[in-house]
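Structure first, commentary second.
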Amino acid sequence: MLKLARQQILLGQTVTTKADAIALLASKLTEAGLVEAGYVDGMLAREAQHATYLGSGIAIPHGTTDTRHLVKSTGVMVAQFPQGIEWDDGQTAYVAIGIAAKSDEHLGILRQLTHVLGDEQAAAQLKEATDEETIINILTGATAAKEVQFLTLADFPADDRDQLLLGAAARAKSAGWGESAMVSALLASEPAYLGEGIWLARAQAAQTGWVLATPSTVLSVGEQPVSALLLLCAADSGHLAQLDNLAKLAAAGQLGTLAGADGLSMLQTGPASGLSDTFTIVNPHGLHARPGAMLVKVAKEYESDIRVANLDGSGEAVSAKSLMKVIGLGVKCGHRLAFRAEGPDAEAALKGLGEAIAAGLGEGAH
């Protein structure tokens, strides 16, 4: 979880160029004891490779892998530029978040930031903020609407459906979605059988989210198989879109796909359409800004709608043409990305993405 203190927020800054903004952030990271003095060179080198502008007036300058040895501790500094800075051609940044990361933990920081900064209203509030607390609350998500969350519990060693439900409930509780009372209520309830081996349990909770649990062995309740159990924790109406997708999957005879590797993606997108393929990321440091931007660039070359999910992450399916969403997947080396393309050039799109990923997304194959 990203934590910020008032001293990490630089309000009302005025600089002329992007390089000046990066130098300011680097100096503050150095003063805070997070990096050595030479880290600024890595930040400027990263920008030379690919601009770190994310969109919505937000930039996230950070160093290269070659300068990680200069990082003492992972952390960030945030500078606000109310007048704006031209970060890249036609792109104006009003807030720049300088990131120092010793290892791949910066992907977690990026993931949290991009989920918050994808909100256009939040970006405008960051530009106009006049106090540090406002910026802290926005960046840490304290003032953001809670998004529906998704978790998996794959190959759980359960002897029966009730044990599978207990495992899913414990997973939700450990994620902070509810307390012991939620678990007790779930264990006293009777899951509904949706068909094709899929069961649904639901409970009131503090956070809206879904847990997709699959057993490690074949289970059944009477004559009904248990291929997967969906646990819905509901705090508001944010889950209605997924319930609609369940109805569509049932109508299309595709409920059984929820027990597969891309089950969460199916829950979020509904019945399968178009073409799909899965590729493994070979970049040693995952999809940070540069390879992430390259992936998005390749996706944008095609007319087809392209969705991507990290099978080794949350399983959430997002647009492959949004840099913020792609970085938000928290993709590390070895993670599998499941793509689904729908449109006139879907086959070419998947082929192009596969080739780009195999080639290292601008960083060379490894």
Look at E86 together with K18 and state whether they make a salt bridge at an N to O cut-off of under 4.0 Å. no
Check whether Q207 reaches the backbone of A235 with its side chain - one donor and one acceptor, N or O, closer than 3.5 Å. no
Return the minimal non-hydrogen interatomic distance between W210 and L200, and the atom names on each side. CZ3-CD1, 3.8 Å
Keeping the roles fixed (side chain from T280, backbone from H335), state whether a donor-acceptor pair exists under 3.5 Å. no
Has the side chain of D345 got a donor or acceptor atom that lies under 3.5 Å from a matching backbone atom of Y302? no
Distance in Å, E196 CD paired with Q254 CD, rounded so as to fall on 0.5 Å steps: 8.5 Å
Same hydrophobic cluster for L194 and M266, using side-chain heavy-atom links shorter than 4.5 Å among ILVMFWY? yes
Could you list the residues that satisfy salt bridge (charged side-chain N to carboxylate O under 4.0 Å, His left out) with E179, not counting sequence neighbours? none
Checking the side chain of T17 only, and the main-chain atoms of D20 only, is there a donor and an acceptor separated by less than 3.5 Å? yes
Between the main-chain N or O of L240 and the side-chain N or O of D244, is there a donor-acceptor pair closer than 3.5 Å? no
Between Y193 and I198 the two heavy atoms that sit nearest each other are CD1-O, 3.5 Å
Using side chain to side chain contact (heavy atoms under 4.5 Å, CB included) as the criterion, point out the one residue from T67, I99, T64, D66 that pairs with R46. T64
Would you say E132's side chain and A5's backbone share a donor-acceptor pair under 3.5 angstrom? no
With a 4.5 Å limit on heavy-atom distance, are the side chains of I135 and V95 in contact? no
Closest heavy-atom pair and its distance - P291, N283: CB-ND2, 3.7 Å
What residues form a salt bridge (charged side-chain N to carboxylate O under 4.0 Å, His left out) with E190, not counting sequence neighbours? R161
Is I97 reachable from Y94 through a run of I, L, V, M, F, W or Y residues, each pair having side-chain heavy atoms under 4.5 Å apart? no
Closest approach of V226 and W199, non-hydrogen atoms and distance? CG2-NE1, 3.5 Å
Linked hydrophobic residues, L70 as query - side chain contacts closer than 4.5 Å: L10, V15, I22, L24, L25, L29, L34, V35, Y39, V40, M43, L44, Y53, V71, M77, F81, I85, W87
Nearest 0.5 Å please: distance from the CG atom of L229 over to the CG atom of L153. 9.5 Å
Could you check whether any side-chain N or O of D305 sits under 3.5 Å from a backbone N or O of E342, counting only pairs where one atom can act as donor and the other as acceptor? no
Cationic N near anionic O, under 4.0 Å, E347 to K351: no
With a 4.5 Å cut-off on side-chain heavy atoms, are F339 and D277 touching? no
Using modelled atom types and a 3.5 Å cut-off, is there a donor and acceptor pairing between side-chain atoms of E355 and backbone atoms of G352? no
Is a side-chain donor or acceptor of N310 paired with a backbone partner of D312 at a separation under 3.5 angstrom? yes
Shared hydrophobic cluster for I58 and L323 (ILVMFWY, side-chain gaps under 4.5 Å): yes
Closest approach of D162 and L187, non-hydrogen atoms and distance? O-CD2, 4.5 Å
Look at the side-chain heavy atoms of Ile, Leu, Val, Met, Phe, Trp and Tyr, link any pair under 4.5 Å apart, and say whether M324 and V331 land in one connected group. yes
Using only atom types and a distance under 3.5 Å, with no angle test, would you say the side chain of T208 pairs donor to acceptor with the backbone of D236? yes
Are L164 and M182 connected into the same hydrophobic cluster when the rule is that any two of I, L, V, M, F, W, Y join if their side-chain heavy atoms are below 4.5 Å apart? yes
With heavy-atom distances below 4.5 Å as the criterion, would you say the side chains of F150 and Q242 are in contact? yes
